[in-house]
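For this chain, numbers begin at 1 and follow the sequence in order. If you're wondering where the values come from, they're calculated on a predicted model, not measured in any experiment.
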Amino acid sequence: MPQAYPPCNPLVDTHLPTLYTSLVKNFTKSPAATALRFPFHLIADHLVDVEEQIRLQARSFDPAVEGYVTTVLGSSGKRIRPALALLAGGACGSPDADHAKLGIVLELIHLATLVHDDIMDGAEMRRAAPTAAARWGNALSVLLGDCLFAHALELAASFDSTHISRKISRASNEVCSGEILQTQRRFDLGLTIPEYFRIIRMKTAALFSAATELSAWLSGASIPVQDSMRRYGELLGTAYQVYDDCLDLCGSEKEAGKTLGTDLVKGKLTLPILYLMEDATDSQRSQLNTLILRQEPIDLSVLAGIANYAGAVTRAVSTGRQMLVDARSALAILPANDYSIALGNITDYLDSLLDGCRAR
């Protein structure tokens, strides 16, 4: 039975001094990340403010709704999009309140998509806590995600220029359209690899590229710099989704903090599976198709027994890592400063995560 939420008192957060530490820990769970000295120290004060402002957004909602929003906003994730907005702002000038607000808007949109994703995937855990759908059921969670979307777009409209709100609205449209396409193509054994990449560029990379491109625009960067920052964000976001797809097959739920192994059961044909099917013989492909269409949990050892499963994962990892090489190249146009170096370090960090993916 869905968990009811008690009446919400005004939000009082006494944990802000520890937020920087917790945010860094989210990104530094591996020795490789520690060795890279992941550069959150550059934007630590901004990130603490962003975290506080994200949580305070709940006060903008009706008191009867505020408690639900507080729970969703309070599950502190990696805050990748706000971090990108702030670091890109610094790479092109200096991070300020507008870069922070941009990051907040994009994070709210991202959180809205997670609420909806968990409904569609039937996921019970997110960030080591019950999902909104697990707590309150699908009907309420759909509306909660809608509220977060609407609030994010309202906040985007508060910028002085309509350029920001237009770009964010377009990115939101891309995210939702990408989710529709992915849902439409579930269990579609004819899905091609280019079609897969188009979907993930829309559903994941759109918000990454909005963070980096719009931050460059806010800093007054030239059109070529804005274009390069958009490309960097798009490549980084696409590589991140490839990593997430590999993690669903190879990761540990305890370490990931969310339900894994749902993609294939729900008919999402991700890059490792598409590579597996591409390299399989006709007979092997027929066996794989039958397994996928059964819509049942699949023992990965069975996949490994049919075709070169480990090789398909390795190939997907290599593809993601090449995207990160291209993302680093897009940064060449930037002046050399601590922030542009930090953007390069993000690609190094994600590269270390991808390199750590191993077929199980």
**Message:** side chain to side chain donor-acceptor pair (under 3.5 Å) for T113 and K203? Distances and angles first, verdict last.
**Reply:** CA-CA 9 Å; T113 66; K203 70 182 285 286; over 6 Å; no
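- Between W136 and Y68, the ring planes are perpendicular. Angles over 60° get that label, and only those under 30° would be called parallel.
- For the side chain to side chain contact (heavy atoms under 4.5 Å, CB included) with R315, the lone residue among L274, D279, N308, L276 that qualifies is D279.
- The line from NE2 of H110 to CG of L207 is 8.0 Å long, rounded to the nearest 0.5 Å.
- Annotation: the span from T131 atom OG1 to L114 atom CG amounts to 10.5 Å, rounded to 0.5 Å.
- Side-chain contact between I199 and L191 is present, with heavy atoms from C-beta onward closer than 4.5 Å.
- Atom-to-atom distance recorded for S286:OG and M277:CE is 10.0 Å, nearest 0.5 angstrom.
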**Prompt:** Stepwise, does the salt bridge (Lys or Arg N to Asp or Glu O under 4.0 Å) test hold for E174 with R170?
**Reply:** CA-CA 6 Å; E174 281 193 65; R170 188 174 304 160; over 6 Å; no
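- A side-chain donor-acceptor contact under 3.5 Å links H151 and Q57.
- Electrostatic pairing of E51 and R79 counts as a salt bridge here, judged by a charged N lying under 4.0 Å from a carboxylate O.
- Looking at D121, D248, D245 one by one, the single match for salt bridge (charged side-chain N to carboxylate O under 4.0 Å, His left out) with K268 turns out to be D121.
- Residues I193 and Y275 meet the side-chain proximity criterion, which asks for heavy atoms closer than 4.5 Å.
- In this structure, D45 places its CG atom where only 12 or fewer heavy-atom neighbours from other residues, nucleotides or ligands lie under 6.0 Å away.
- In this structure the side chain of T347 never reaches within 4.5 angstrom of the side chain of V325, judged on heavy atoms.
- With a 6.0 Å radius and a threshold of 12 heavy atoms from other residues, nucleotides or ligands, R186 has its CZ atom above the threshold.
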**Request:** Could you walk me through whether E66 and R59 pass the salt bridge (Lys or Arg N to Asp or Glu O under 4.0 Å) test, one step at a time?
**Result:** CA-CA 6 Å; E66 183 181 345; R59 293 183 177 178; 5.2 Å; no
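- Side-chain contact between L269 and I292: present, with at least one pair of heavy atoms (C-beta onward) separated by less than 4.5 Å.
- Side-chain atoms of L249 and Y309, non-hydrogen and from C-beta on, do get closer than 4.5 Å to each other.
- A donor-acceptor contact closer than 3.5 angstrom is absent between the side chains of Q322 and T319.
- Within 6.0 Å of the CG atom in D62, the count of heavy atoms belonging to other residues, nucleotides or ligands exceeds 12.
- Note that CG of D117 is 11.5 Å distant from CG of L111, once rounded to the nearest 0.5 Å.
- Looking at Q226, its side chain does come within 3.5 Å of a backbone N or O of A221 through a donor-acceptor pair.
- In this structure, CG on L87 lies 11.0 Å from NE2 on H99, to the nearest 0.5 angstrom.
- Side-chain contact, S340 with N337: a donor N or O sits under 3.5 Å from an acceptor N or O.
- A side chain to side chain contact (heavy atoms under 4.5 Å, CB included) with L214 is found for one member of D98, I168, L106 and no other, namely I168.
- Looking at T212, its side chain does come within 3.5 Å of a backbone N or O of S209 through a donor-acceptor pair.
- Considering CD of Q182 and OG of S177, their distance stands at 13.0 Å, rounded to 0.5 Å.
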